[in-house]
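Naming convention: chains lettered A, B, ... in sequence-line order (proteins, then strands); numbering from 1 in each chain. Quick note: numbers below take in every heavy atom, side chains included, and nothing from hydrogens, waters or symmetry partners.
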Amino acid sequence: MRFSSLFAPTLKDAPTDAEVVSHKLLVRAGMIRQVARGIYDYLPLGLRVLRNVERIVREEMDRAGAQELLLPAVCPAGLWQESGRWDVYGKELLRLKDRHEREFCIGPTHEEVITDVVRSAVRSYRDLPLNLYQVQTKFRDEIRPRFGLMRGREFIMKDAYSFHADKADCEREYRHMYETYERIFARCGLAFRAVEADTGAIGGSLSHEFQVLADSGEDAIAACSKCSYAANVELAALGEVSADAVTEEASAELRRVATPSKRTVEDVSSYLEIPVDRFIKTLIFQKDDGTAVAALVRGDQTLSEAKLRAALGCDWVRLADSHTVEKVTGAAIGFAGPVGLEAPIVADQSLHGIRGAASGANSDDEHLVGVEHGRDFGPGVTFADLREAVAGDRCPRCGEGAYTIRRGIEVGQVFYLGTKYSKALEATFLDAEGQTRPIEMGCYGIGISRTIAAAIEQSHDENGIIWPQPLSPYPIEIIPVSLTDTAVVETTEKLESSLREKGHEALVDDRDERAGVKFKDADLIGIPLRVTVGKKGLEKGIVELKHRGDGTVEEIPIAEAPARLAEKIG
RNA sequence: CGGGGUGUAGCUCAGACUGGUAGAGCACUGCGUUCGGGACGCAGGGGCCGCAGGUUCAAAUCCUGUCACCCCGACCA
C-alpha cells in the first residue's frame with residue numbers, strides 16, 4: 001500500500017472531545033471519526049485493525065467447532081416480549097416502529113433471535129450440541145457513551161450461543177469457550193485476566209469476564225496474591241471478618257445527636273468527629289417486585305449492587321428515589337439508619353456484632369451514636385457479603401493471599417445461561433427417553449471494537465500507538481527517506497515486492513514529505529516494524545529496522561532483508 | 001435524568017465582558033530554497049461565528065428558544 005494514496009487523515013492535535021488515549025490516538029492516526037455520540041466511522045486503517053481482530057476471532061471460533069451465521073440487526077418486538085426483556089431491558093434498548101406501526105428493536109444482544117432459530121430447527125438430542133456465532137453491529141443506547149470505542153452505542157461484537165442436551169455438556173462447552181477466549185486474546189497480543197463476574201441483565205448463573213489490564217480501565221478487578229482467584233470487585237468474595245477494631249469498641253449508651261443538614265457519611269463523620277469506619281451506611285433500595293429494602297455497609301465500604309442482588313435473589317435493584325426513602329424511613333435522604341426501621345434489612349457481614357457505631361436516626365437532621373447490633377437493631381437482620389473488595393482484603397478461596405486491585409477493560413464475557421431463554425421461548429428437544437426438555441444454553445461475547453481500544457490503552461507511548469503485531473493494520477512500514485535518490489527508491493520497491501511475494505503487504509510511505517514527517521506519522525500509526533531506506537544505510541549496504549515498541553534499531557544487509565523481515569513479521 | 005461546560009476555517013484556539021469590515025497557529029494550493037525526527041520565505045484559497053427567533057441603524061458579540069458535543073453522577077458489554 002502506498003501512503004500517498006491511502007486515506008488516513010492524520011492530525012497533529014487531538015480533538016477536544018476525545019478524552020482517553022485510545023480515542024485520541026485512533027482519531028489522530030486517521031483510523032476512526034466520530035459521527036454522533038457513541039457512533040463512529042472506521043476509516044481504512046481502523047477497519048484493517050478491526051478485520052484483524054475479527055479474523056483471529058473467526059479462526060479460533062471455527063477451530064473450536066462453532067459455526068458462523070448472521071442474524072438481523074432489526075428484531076421484532078414479539079421475541080423480546082416472549083422472553084420478557086421487552087419490558088425489563090429499559091431505555092438502553094433502541095425501539096422503533098415500521099410503517100405499519102409494528103414494533104422492533106435494534107439488537108443489543110441476540111439470545112431471543114438465536115433461540116428462535118434453534119427452536120424452529122432442533123427437535124432431538126441428536127441435533128445437539130450446537131455452537132452458533134456471528135460478528136455483527138450491535139446497538140445499546142447507553143445512558144452515557146464515552147471514551148471513544150471503549151463505550152460506544154453502536155459497536156461490533158462477536159456473540160456466540162451454544163445449545164446442549166444437559167447441564168454437564170453445557171458446562172463442558174463453557175470451559176471450552178473459556179479456553180478459546182484465552183487463545184483469542186493471547187493471539188491478539190494482549191495482557192489480560194479472566195475473572196469471575198456478575199451476570200447482569202443477560203441472566204444466568206455462572207460467568208467470567210476477560211479483562212485487558214490497563215490503568216484507564218472502567219472495571220476494577222481483585223486478584224489474589226497467592227492463588228489464581230480473580231474477580232470483578234463487585235463480585236470478589238470476601239470471607240467473614242473476625243472481630244475488628246470496630247466491634248471491640250466499648251459499648252456505649254445509645255444517644256440521639258443533632259446533625260443539621262449533614263447527610264453524607266463524610267459530613268457527619270467530620271461533624272461528630274467519629275471515624276468513617278464506625279458508621280453504618282444505610283442505603284434504601286427498591287427491588288424488582290417493587291418492595292423496599294435497606295442495605296447496610298460500613299461507612300468506609302462501597303456496596304456492591306451485584307452482591308446485593310445475589311443476597312436478595314432478585315434480578316435487579318435500584319437505589320430508591322427520595323419519595324420512597326421518606327416513606328420508608330420517615331426522614332429525608334441522608335438520615336436513614338437501622339434502628340427502628342420497618343423495612344427488611346440486609347447487612348454486610350462485617351457489621352455483625354458492631355458496637356459503638358453511628359447511623360442515621362430516621363429523623364431529619366439527627367443521627368444516633370453508640371449503636372450496637374443485637375441490642376439496638378436486629379434480630380431480623382440478614383447478614384451477607386455485600387461490599388466491594390478493596391486492596392488488602394483476604395482471599396477466602398485460599399485463605400492466605402490478599403487482594404490486589406487492578407484496572408481492567410472488559411473485552412469478553414462468557415455466561416452459562418441454563419434454561420432461562422429456552423424456557424421462556426419454549427426451545428425444547430426430545431431426549432433419549434422421549435422426554436421433552438428445555439435446551440441448556442451458554443453465551444459468549446467479545447467486544448471486537450472495544451478490543452481495539454483496549455489494545456491501545458495497553459500499548460502506546462507519547463508518540464502514538466504501538467500495535468501488537470497481529471492487530472497492526474499493516475505488518476511493516478517502509479520509509480524511503482528520499483524520493484529523488486534512485487537507489488533508495490529502487491531498494492524500497494524491491495523490498496516491497498519481495499515482501500509481497502512472501503505474502504506481506506507493507507505500507508510504503510512514498511509521500512513527498514520530509515523524513516521527520518514520515519517518522520512522526522509512523523510512530524503515531526504504530527506499525528510495530530519500520531524499515532528506513534536511506535542513502536546513509538545503502539552506502540553501508542544495509543537498511544534499518546526500527547522496533548516501534550522498544551525503539552531498538554537493527555541494521556540489516558540489503559540482500560538478507562526480505563527473508564529477515566518476513567521472519568520477524570511471523 | 002440531575003450537575004458542570006463547549007459550539008467561530010479540516011484541527012487547536014483567540015475575538016464576546018464594552019455590538020461597528022471575522023482572526024492566529026497548524027493543515028491546504030502555487031513558486032523558490034531545504035531534505036534522516038512534524039523546515040523556511042513569498043503569494044494564495046477556505047467561514048450562513050451550530051440553528052431559529054428577538055432587541056438594535058448595526059449582532060460572532062446582548063436576549064429567548066432549540067440542537068449538538070464533552071465532563072461528573074446514577075446506569076452499563
side-chain N/O A:Arg144 vs B:C75 OP1/OP2, d < 4.0 Å:
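For B:C75, neither OP1 nor OP2 has a side-chain N or O of A:Arg144 closer than 4.0 Å.
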
So which nucleotide from [options] ends up closest to the side chain of [X]?
| X | options | result |
| --- | --- | --- |
| A:Arg37 | B:C70, B:G38, B:C71 | B:C70 |
| A:Ile143 | B:C70, B:G38, B:C1 | B:C1 |
| A:Asp17 | B:C69, B:C71, B:C76 | B:C69 |

Taking atom [atom1] in both [N] and [M], what distance in whole Å separates the two?
| N | M | atom1 | value |
| --- | --- | --- | --- |
| B:G38 | B:C28 | C1' | 16 Å |
| B:C17 | B:U12 | C1' | 24 Å |
| B:A59 | B:G53 | P | 13 Å |
| B:A9 | B:G47 | C1' | 6 Å |
| B:A60 | B:A16 | P | 14 Å |
| B:G5 | B:G10 | P | 28 Å |
| B:G19 | B:G32 | C1' | 45 Å |
| B:U18 | B:U61 | C1' | 10 Å |

When only distance counts, do a donor and an acceptor, one from the side chain of A:Lys546 and one from the base of B:G37, lie under 3.5 Å apart?
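Answer is yes: a donor-acceptor pair is held.
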
Under the 3.5 Å rule, do the base of B:G36 and the side chain of A:Glu544 count as making a donor-acceptor pair?
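Under the 3.5 Å cut-off, the side chain and the base do form a donor-acceptor pair.
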
What contact category does [X] fall into here, base, sugar-phosphate, or nothing, at under 4.0 angstrom with non-hydrogen atoms?
| X | result |
| --- | --- |
| A:Arg28 | base |
| A:Gly152 | base |
| A:Arg153 | nothing |
| A:Gly445 | nothing |
| A:Lys158 | nothing |
| A:Lys535 | base |
| A:Gly537 | base |
| A:Asp523 | base |
| A:Ala36 | sugar-phosphate |
| A:Glu142 | base |
| A:Gln34 | sugar-phosphate |

Using a 3.5 Å distance criterion without hydrogens, assess whether the side chain of A:Gln458 forms a donor-acceptor pair with backbone atoms of A:Leu190.
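A pair under 3.5 Å: no.
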
Are the side chain of A:Asn463 and the backbone of A:Asp523 linked by a donor-acceptor contact shorter than 3.5 Å?
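It does not hold such a pair.
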
Taking atom [atom2] of [N] as reference, at what distance in whole Å does atom [atom1] of [X] sit?
| X | N | atom1 | atom2 | value |
| --- | --- | --- | --- | --- |
| A:Arg511 | B:A27 | CZ | C1' | 13 Å |
| A:His23 | B:C69 | NE2 | C1' | 11 Å |
| A:Arg151 | B:G73 | CZ | P | 12 Å |

Quick one: which residue pairs count as a side-chain hydrogen bond (donor to acceptor under 3.5 Å, both in side chains) with a foot in residues 8-21 of chain A, not counting sequence neighbours?
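For residues 8-21 of chain A: A:Thr10-A:Asp521.
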
May I ask you to check whether A:Glu173 and A:Ser162 show a side-chain donor-acceptor distance below 3.5 Å?
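Their side chains do not contain a donor-acceptor pair, so the 3.5 Å distance test is not met.
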
Please determine, by modelled atom types, if A:Thr180 and A:Glu60 share a side-chain donor-acceptor pair under 3.5 angstrom.
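No, because no side-chain N or O of A:Thr180 sits under 3.5 Å from a partner of the opposite role on A:Glu60.
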
Are any of the side-chain nitrogens in [X] or [Y] under 4.0 Å away from the carboxylate oxygens of its partner?
| X | Y | result |
| --- | --- | --- |
| A:Arg85 | A:Glu111 | yes |
| A:Arg564 | A:Glu554 | yes |
| A:Arg153 | A:Asp141 | yes |
| A:Glu218 | A:Arg146 | yes |

Between the protein and nucleotides 4-11 of chain B, are there any N/O to N/O pairs under 3.5 Å, and if so, what are the atom names and distances?
| residue | atom | partner | partner atom | Å |
| --- | --- | --- | --- | --- |
| B:C11 | O2' | A:Asp13 | O | 3.4 |

With a 4.5 Å cut-off on side-chain heavy atoms, are A:Pro473 and A:Met31 touching?
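Yes, at least one pair of side-chain atoms sits under 4.5 Å.
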
First of A:Phe285 and A:Ala515 reached from the 5' end of RNA chain B, by closest nucleotide
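Its nearest nucleotide lies further toward 5', so the answer is A:Ala515.
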
Could you say whether A:Arg514 or A:Leu524 is positioned toward the 5' end of RNA chain B, judged by the nucleotide with the nearest heavy atom to each?
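Closer to the 5' end of RNA chain B: A:Arg514.
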
With a 3.5 Å limit on both atom pairs, tell me what B:A52 is paired to, counting Watson-Crick and G-U wobble, or say none.
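Paired with B:U64.
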
Using purine N1 to pyrimidine N3 plus N6-O4 or O6-N4 for Watson-Crick, or N1-O2 and O6-N3 for G-U wobble, both under 3.5 Å, which nucleotide pairs with B:G36?
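Here B:G36 is not engaged in any pair, so there is no nucleotide opposite it.
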
Does the ring of A:Phe519 meet both stacking tests against the six-membered base ring of B:G36: centre distance under 5.5 Å and plane angle under 30°?
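The base of B:G36 is not stacked with A:Phe519 (the test needs centres under 5.5 Å and planes under 30°).
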
